[in-house]
Student: 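Got a structure for you, written out below as structure tokens; questions coming shortly.
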Amino acid sequence: MLALTRKKGESMVLNNNIEVTILDIRGDQVKIGVSAPKEVPIYRKEVYLQIQKENEEASSADSLEALKKLL
């Protein structure tokens with residue numbers, strides 16, 4: 001993992017097309033802004049993990065059997 005120090009208003013660029021900017025710092029909270037192409041999905045990690053979990057559950061053997069019965 002790369003750890004960087006940034007101040008309010010400073011940015012970093014990822015993969016030549018994603019810019020992450022520090023918008024505000026208040027106590028232990030940091031507000032960030034992300035500029036990326038529309039085709040790049042951006043999720044908070046907890047949301048991303050929930051999506052992955054639901055995708056795994058949907059592709060389980062039980063779900064596949066239920067779909068076969070429908071067809």
Side-chain angles (χ1 to χ4, degrees):
M1 174 188 295
L2 173 64
L4 299 172
T5 301
R6 301 276 75 199
K7 295 178 182 177
K8 183 177 175 180
E10 293 182 333
S11 301
M12 64 190 83
V13 177
L14 309 171
N15 199 34
N16 296 320
N17 62 351
I18 301 169
E19 182 177 6
V20 180
T21 304
I22 305 303
L23 301 175
D24 196 17
I25 302 170
R26 291 187 184 180
D28 63 349
Q29 289 189 337
V30 178
K31 185 183 285 189
I32 62 171
V34 180
S35 296
K38 289 183 180 183
E39 63 270 9
V40 175
I42 301 172
Y43 302 105
R44 293 188 326 260
K45 186 172 182 178
E46 63 272 16
V47 172
Y48 176 78
L49 293 174
Q50 184 63 33
I51 291 169
Q52 296 295 49
K53 180 182 174 188
E54 290 176 9
N55 286 343
E56 287 175 15
E57 290 172 0
S59 65
S60 70
D62 293 337
S63 296
L64 292 175
E65 289 302 317
L67 284 173
K68 287 179 183 176
K69 289 179 184 177
L70 288 174
L71 299 174

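Counting from 1, the numbers follow the sequence of the chain as shown. Since the structure is predicted, the reported quantities are computational estimates derived from the model, not experimental observations.
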Student: Is Val34 reachable from Val13 through a run of hydrophobic residues whose side-chain heavy atoms are each under 4.5 Å from the next?
Tutor: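 Hydrophobic grouping puts Val13 apart from Val34.
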
Student: Give the cluster check for Tyr48 versus Val40: same hydrophobic cluster or not, with ILVMFWY residues linked at side-chain heavy-atom distances below 4.5 Å.
Tutor: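 No, it is not one cluster - the side chains of Tyr48 and Val40 are not joined through contacts under 4.5 Å.
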
Student: Where the side chain of Glu10 meets the backbone of Lys7, is there a donor-acceptor pair that is under 3.5 Å apart?
Tutor: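 Yes, the answer is positive, given that a donor and an acceptor are paired below the 3.5 Å cut-off.
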
Student: If every non-hydrogen atom of Ser11 is compared with every non-hydrogen atom of Thr21, which pair is closest and at what distance?
Tutor: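 It is OG-OG1, 2.8 Å.
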
Student: Measure across Asp24 and Lys8 and return the closest heavy-atom pair with its distance rounded to 0.1 Å.
Tutor: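 Taking Asp24 first and Lys8 second, the nearest heavy atoms are OD1-NZ, 3.7 Å.
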
Student: Are Ile42 and Leu23 linked, directly or through other ILVMFWY residues, by side chains that come within less than 4.5 angstrom of each other?
Tutor: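 No, because Ile42 and Leu23 fall into different hydrophobic clusters, even though each may have its own neighbours under 4.5 Å.
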
Student: Residues in salt bridge (Lys or Arg N to Asp or Glu O under 4.0 Å) with Glu19, at least two apart?
Tutor: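 Partners of Glu19 by the salt bridge (Lys or Arg N to Asp or Glu O under 4.0 Å) criterion come out as none, since no residue qualifies.
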
Student: Can you tell me how far the CD1 atom of Ile32 sits from the CE atom of Met12, to the nearest 0.5 Å?
Tutor: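 Here the interatomic distance stands at 8.0 Å.
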
Student: So, Glu46 and Gln50: side-chain donor and acceptor under 3.5 Å apart, yes or no?
Tutor: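 Side-chain D/A pair, Glu46 to Gln50: absent.
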
